[in-house]
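Just so you know, these numbers use all the heavy atoms, side chains as well, and skip hydrogens, waters and symmetry mates.
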Amino acid sequence: MGTSGRHPVLLCPGAATSRWLAFGGHVVDAAGVRLISVDRTGLGASDPAPGRTLTSWAIDIRHLIQERALRSPSAVGFSQGAPFALGLAAHSLVNAVAVVSGSDELAHPSFAHSLNPQGPSPGPPEKHKWAPAGPT
């Protein structure tokens with residue numbers, strides 16, 4: 001969507017969606033962006049490819065950026081597309097990321113142990129190695 005002269009924004013759609021996730025064309029045009037959405041492996045028209053990683057995704061998108069000569073793209077990660085948008089940022093492929101209603105499989109064994117069914121404990125949130133230090 002949008003014309004090629006507008007700022008490129010890569011859309012990383014969520015689970016069970018694809019590049020067909022609808023936005024009104026007038027909204028995209030009014031925002032002054034060129035919205036580019038790519039089906040992840042196994043979604044939409046893309047074939048499944050077991051064993052793929054966020055790095056695999058970033059390599060694919062690096063090729064897209066180069067082939068389409070996209071300059072300074074941004075990314076939007078919607079729902080379970082959020083980790084994919086963040087993966088693009090981790091590989092320095094985009095200049096900004098917006099996460100919209102971000103989620104991932106939090107019941108996965110690598111996360112499940114950290115879930116507290118009683119709610120968060122009182123006190124300041126933990127500092128994570130991936131979270132930028134900000135003013136306190």
Side-chain angles (χ1 to χ4, degrees):
M1 283 185 177
T3 62
S4 61
R6 295 175 179 246
H7 178 75
V9 176
L10 301 169
L11 173 65
C12 302
T17 61
S18 67
R19 69 185 184 282
W20 299 109
L21 180 64
F23 284 91
H26 66 288
V27 173
V28 173
D29 288 342
V33 301
R34 177 181 178 199
L35 188 63
I36 303 163
S37 183
V38 180
D39 290 340
R40 296 194 317 265
T41 56
L43 297 178
S46 181
D47 294 329
R52 303 259 311 158
T53 65
L54 292 176
T55 297
S56 305
W57 164 255
I59 290 168
D60 289 348
I61 298 303
R62 182 184 312 275
H63 290 296
L64 173 74
I65 290 169
Q66 291 170 347
E67 286 294 318
R68 299 293 182 182
L70 302 177
R71 296 192 350 222
S72 301
S74 300
V76 173
F78 172 69
S79 188
Q80 287 188 350
F84 294 87
L86 294 171
L88 298 178
H91 285 87
S92 301
L93 297 176
V94 294
N95 64 7
V97 173
V99 173
V100 179
S101 192
S103 68
D104 198 10
E105 181 52 63
L106 297 179
H108 189 276
S110 64
F111 295 110
H113 71 279
S114 64
L115 298 177
N116 181 351
Q118 303 303 317
S121 60
E126 286 186 57
K127 296 272 186 194
H128 297 284
K129 66 180 180 180
W130 48 263
T136 55

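Contact detail for His7 and Ser74: the closest heavy-atom pair is NE2-OG, 2.8 Å. Listed here is the closest heavy atom pair of Val38 and Trp57: O-CH2, 3.9 Å. Residues Gly14 and Ser79 approach most closely at CA-CB, 4.1 Å, considering heavy atoms. The minimum heavy-atom distance between Cys12 and Leu88, with the atom names listed, is SG-CD1, 4.0 Å. Ala82 approaches Gly102 most closely through the heavy-atom pair CB-CA, 3.8 Å.
Using a distance-only test at 3.5 Å, with no hydrogens or angles considered, a donor-acceptor pair links the side chain of Arg6 to the main chain of Asp29.
Remark: Ala89 pairs with Val94, Val97 by the side-chain contact (heavy atoms from CB on, under 4.5 Å) rule, at least two apart or across chains.
Around atom CZ of Arg52, more than 12 heavy atoms belonging to other residues, nucleotides or ligands sit under 6.0 Å away. Counting non-hydrogen atoms of neighbouring residues, nucleotides and ligands closer than 6.0 angstrom, the CD atom of Glu67 reaches no more than 12 such neighbours.
When each of Leu93, Ile61, Leu35 is checked for a side chain to side chain contact (heavy atoms under 4.5 Å, CB included) with Leu10, only Ile61 meets the rule.
Side-chain contact between Arg34 and Leu70 is present, with heavy atoms from C-beta onward closer than 4.5 Å.
Here CZ of Arg40 is found 13.0 Å from OG of Ser56. Values are rounded to the nearest 0.5 Å.
Cluster annotation: Ile36 is not connected to Ile59 through the hydrophobic network of ILVMFWY side chains, with a link wherever side-chain heavy atoms come within less than 4.5 Å.
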